[in-house]
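All values below were derived from every heavy atom in this structure, side-chain atoms included, with hydrogens, water molecules and symmetry-related copies excluded. Chain identifiers are assigned alphabetically (A, B, ...) following the order of the sequence lines, protein sequences preceding nucleic acid strands; residue numbering begins at 1 within each chain.
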Amino acid sequence: MHSRLIIDSLNDAQRAAVTAPDGNILVLAGAGSGKTRVLAHRIAWICRLEEASPYSVLAVTFTNKAAAEMRARVEALLEIASTGMWVGTFHGLSHRLLRTHWREAHLPQAFQILDSEDQYRLIRRVLKGLELDEAHWPPRQSQWFINARKDESLRAKDLDDQGDRVSWQMIRIYAAYEQACERAGLVDFAELLLRSLELFRHHPDLLAHYRNRFRYILVDEFQDTNTIQYDWLRLLASGHIPVFAVGDDDQSIYGWRGARVENIHRFSQDFTAAVIYRLEQNYRSTGTILAAANHLIEHNAGRLGKRLWTSDSEGEPIQLFAAYNEQDEARFVADQLREWIEQGRKLDKAAILYRSNAQSRILEEVLFAQSIPYRVYGGLRFFERAEIKDALAYLRLAAHQLDDPSFERIINLPPRGIGERTQSVLREYARDHGVTLWEAALELTKGGGLTSRAVNALKQFLTLMESITKAIEAMPLHEQVEKTIALSGLRAHYEREAGGKGPDRIENLDELVNAARGFNFNPSQHGDMDRLDAFLSHAALEAGEGQSESWEECVQLMTLHSAKGLEFHFVMLVGLEEGLFPHAMSLEQPGRLEEERRLCYVGITRARERLILSYAESRRHFGSVNYNPPSRFIREIPPEHLIEVRPQITLRPLVTRPQNKSDSPAKEGGLQVGQRVMHPGFGEGIVLDYEGQGRHARVQVRFDTEGSKWLVLEYAKLQRL
DNA sequence: GCGACATTGTTTTTT
DNA sequence: ACAATGTCGC
């Protein structure tokens with residue numbers, strides 16, 4: 001009936017994919033080709049034409065944001081609520097399964113979720129317990145090891161050290177960590193997936209139930225699946241449920257965290273009779289931008305092959321700017337933004353993309369100084385803030401006394417005289433008797449092994465926790481949170497805090513109460529958890545957007561990774577230097593360079609109409625100044641699509657410098673940064689920087705033919721031009 | 001328990 | 001450069 005409507009707005013390729021007959025389908029969807037649209041339309045198509053209920057649809061994404069968007073789009077298309085449909089992230093769906101089948105999964109009913117930071121802390125604890133020196137056994141490395149194994153669905157017992165001492169130790173750490181999680185009823189992110197895979201493996205009845213329930217599986221961003229996610233899909237679906245997977249091998253940028261592009265190649269083998277559709281028409285970018293992207297990505301080998309085209313016009317050429325240093329680059333960016341505004345365009349349609357977060361600082365400084373509003377993506381998210389995690393730890397411990405990590409987090413926060421000494425006695429007791437810290441504390445307050453002062457402090461803490469548990473028992477969620485923040489002394493603690501951060505923290509704690517008030521408890525999704533547990537899981541699983549602050553009219557700053565899936569009318573891709581982008585770390589490992597190139601491809605294809613690339617000849621990095629040649633990626637774009645913009649235009653008369661350099665030698669000598677000079681030996685060049693005073697003053701000059709040099713002003717006989 | 005100093009590790013990020 | 005820990009002395 002409405003099926004015509006649903007597919008009317010699609011192009012031929014999109015329509016072919018959306019209306020394809022049931023069966024395994026792989027849609028290779030290039031950047032800007034309407035991937036999300038196709039996915040949403042496919043779901044709507046299924047529900048309408050096949051008269052299938054949304055109840056039989058399972059749609060998997062990688063981020064909560066993508067899941068929310070998918071749900072919203074489907075609802076808009078179908079004009080009905082999508083209740084009953086399973087839409088979520090791999091982790092979210094696994095979590096849901098485990099909440100429902102916690103018995104079969106051998107989990108405590110109220111298991112809690114560890115985020116990466118919790119996991120890191122717990123691993124450090126475990127290392128201490130094993131009496132391993134952190135210097136020799138970096139916790140980060142153990143964390144990486146454990147997660148990488150879990151992502152391959154390997155448990156400690158499945159691993160073999162093959163006589164290698166390091167492996168042996170790592171496996172030992174892994175095993176001890178598993179035990180610690182077990183004892184405290186904790187599940188980390190990778191464990192959610194692994195447990196739910198095992199759940200299916202060990203319970204054919206359950207597997208059969210879900211195979212029967214779901215008649216359609218859809219997967220977004222298929223190129224980002226890792227081994228365990230792929231196995232999970234295959235186990236659930238293969239041979240039973242048709243899978244509709246959408247992905248783009250050219251946008252695979254998460255190999256470093258376990259994503260396997262090969263999964264996209266394997267699809268046809270493992271999911272029988274798979275039909276492949278290609279979406280190659282791009283609706284986003286101008287011809288020039290697309291041509292640049294196409295040429296760049298062709299330097300990668302082993303692609304599935306895809307060439308984006310557009311019916312759009314060529315558009316303006318891509319600008320390439322060579323900055324002297326990162327400051328100069330930032331000022332150029334600001335100038336370009338101003339120009340954009342002067343042309344009557346909106347600032348929030350513009351984005352500055354960079355390879356690494358550290359690059360945002362200088363950009364922020366300059367934008368701030370020039371009063372250009374900006375918004376930085378990434379960074380600490382709401383539920384990851386220390387004060388929020390403190391409050392959540394109180395809630396967790398109040399509800400579940402076995403939660404050791406939460407116990408450790410707050411036992412002496414705010415400080416209540418339970419120092420390192422007492423804590424280690426507690427830990428030792430807990431370890432020796434195989435009990436939780438809470439139980440250890442209970443025992444130890446009965447006397448023996450502790451000073452009376454410590455016993456008193458401990459008793460007070462236990463009493464406090466019990467009174468919190470009791471006080472919040474019958475409260476609505478937001479009051480539970482509010483009460484806990486108050487009773488725990490956290491509020492008072494942060495009110496007392498010196499150094500400016502206090503008010504922010506209080507504000508965040510208030511925000512947490514609000515979050516609890518607005519929390520949407522959905523019993524069907526949360527199994528038989530109570531409200532508080534559901535909220536706590538939500539906090540771990542959806543760390544919350546960066547700052548929910550002002551959305552309006554800000555230029556967007558973000559890393560290339562976080563830009564995936566977004567688009568902007570105006571994109572500035574900065575820091576295109578060898579060593580930074582491609583990143584030095586990626587040059588050693590084979591395959592990594594190609595991933596960097598894909599990252600660049602992602603960056604370019606974010607732009608709709610205007611694209612500017614820039615690099616700096618010198619850049620401060622880890623304290624020292626580096627001179628890196630322009631990125632190879634620039635050379636991989638055909639020159640006819642690029643025009644170089646000359647730096648002189650944007651150079652300010654004098655760089656703002658710290659006051660102590662105000663009477664700089666360069667100024668004395670009539671030189672300033674950006675000044676063109678002549679040297680008898682090296683020829684013409686331009687002043688990049690200066691340092692020192694009086695006799696020792698030196699200037700840095702980049703000569704047109706000789707490269708950059710530091711020259712002592714006294715001897716260098718520089719002539720202004 | 002707190003402030004002063006030292007050491008360390010700095011690609012990308014979600015869940 | 002710099003932030004985030006860790007250590008030490010009081």
Would Lys564(A) and Glu221(A) count as a side chain to side chain contact (heavy atoms under 4.5 Å, CB included) here? Give the steps. CA-CA 11 Å; Lys564(A) 191 170 79 154; Glu221(A) 305 276 19; 3.4 Å; yes
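For the pair Glu595(A) CD and dT12(B) P, the interatomic distance rounds to 14 Å; values are reported in whole Å. The CD-C1' distance, from Gln143(A) to dT14(B), rounds to 13 Å in whole Å. In this structure, Gln229(A) atom CD and dT15(B) atom C1' are separated by 9 Å, rounded to whole Å. Note: CG (Asn147(A)) to P (dT12(B)) measures 18 Å, nearest angstrom. Distance Trp232(A) CH2 to dT15(B) P: 16 Å, rounded to the nearest Å. Taking atom CG on Leu193(A) and atom P on dT15(B), their separation rounds to 12 Å, with Å as the unit. Distance CG (Asp118(A)) to C1' (dT15(B)): 13 Å, rounded to an integer number of Å. Straight-line distance from the CD atom of Glu365(A) to the P atom of dA1(C): 14 Å, rounded to whole Å.
For Arg99(A) and Phe111(A), the positive end sits near the middle of the six-membered ring, less than 6.0 Å away and at most 45° from its axis. Cation-pi contact between Arg257(A) and Tyr254(A): present, with separation from the ring centre below 6.0 Å and deviation from the ring axis of at most 45°.
Closest approach to the His91(A) side chain among dT15(B), dG1(B), dT13(B) is made by dT15(B) (side chain taken as heavy atoms from C-beta onward). For Pro415(A), the listed nucleotide lying nearest its side chain is dG1(B); candidates were dT15(B), dT13(B), dG1(B). For Thr63(A), the listed nucleotide lying nearest its side chain is dT14(B); candidates were dT14(B), dA1(C), dT13(B). Of the candidate nucleotides dT13(B), dG1(B), dT15(B), dT15(B) has the atom lying nearest to any side-chain atom of Ser116(A).
The distance from atom OH of Tyr377(A) to atom OG1 of Thr559(A), rounded to the nearest 0.5 Å, is 11.5 Å.
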Tabulate atom names and distances for all N/O pairs under 3.5 angstrom spanning the protein and nucleotides 9-11 of chain B.
from	atom 1	to	atom 2	distance (Å)
dT11(B)	O4'	His583(A)	NE2	3.2
dT11(B)	O2	Arg355(A)	NH1	2.7
dT11(B)	O2	Arg355(A)	NH2	2.7

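The aromatic ring centroids of Phe90(A) and Tyr230(A) lie 6.0 Å or more from each other. Separation of the Tyr210(A) and His101(A) ring centroids falls under the 6.0 Å cut-off.
The gap from the P atom of dT5(C) to that of dT12(B) amounts to 16 Å, rounded to the nearest Å.
Asp115(A) comes within 4.0 angstrom of no nucleic acid atom, judged by non-hydrogen atoms across all strands. Within the 4.0 angstrom heavy-atom criterion, only backbone atoms of the sugar-phosphate kind lie near Tyr254(A); the bases stay farther away. In this structure, Asp188(A) reaches neither bases nor backbone, as no heavy-atom distance under 4.0 Å exists between it and the strands shown.
By the ring-ring contact (aromatic ring centres under 6.0 Å, His included) test, Trp144(A) is found to be paired with no residue, residues two or more places apart in sequence or in another chain being considered.
Remark on DNA chain B: of its neighbouring residues Ile253(A) and Phe189(A), the 5'-side contact belongs to Ile253(A), judged by nearest-heavy-atom nucleotide.
Considering only side-chain N and O atoms, Arg381(A) lies under 4.0 angstrom from the phosphate OP1 or OP2 of dT15(B). For Thr559(A) and dT12(B), the shortest distance from a side-chain N or O to OP1 or OP2 is not below 4.0 Å.
For the pair Ala393(A) and Ser406(A), the tightest heavy-atom approach, listed with the atom from each and the gap, is O-CB, 3.6 Å.
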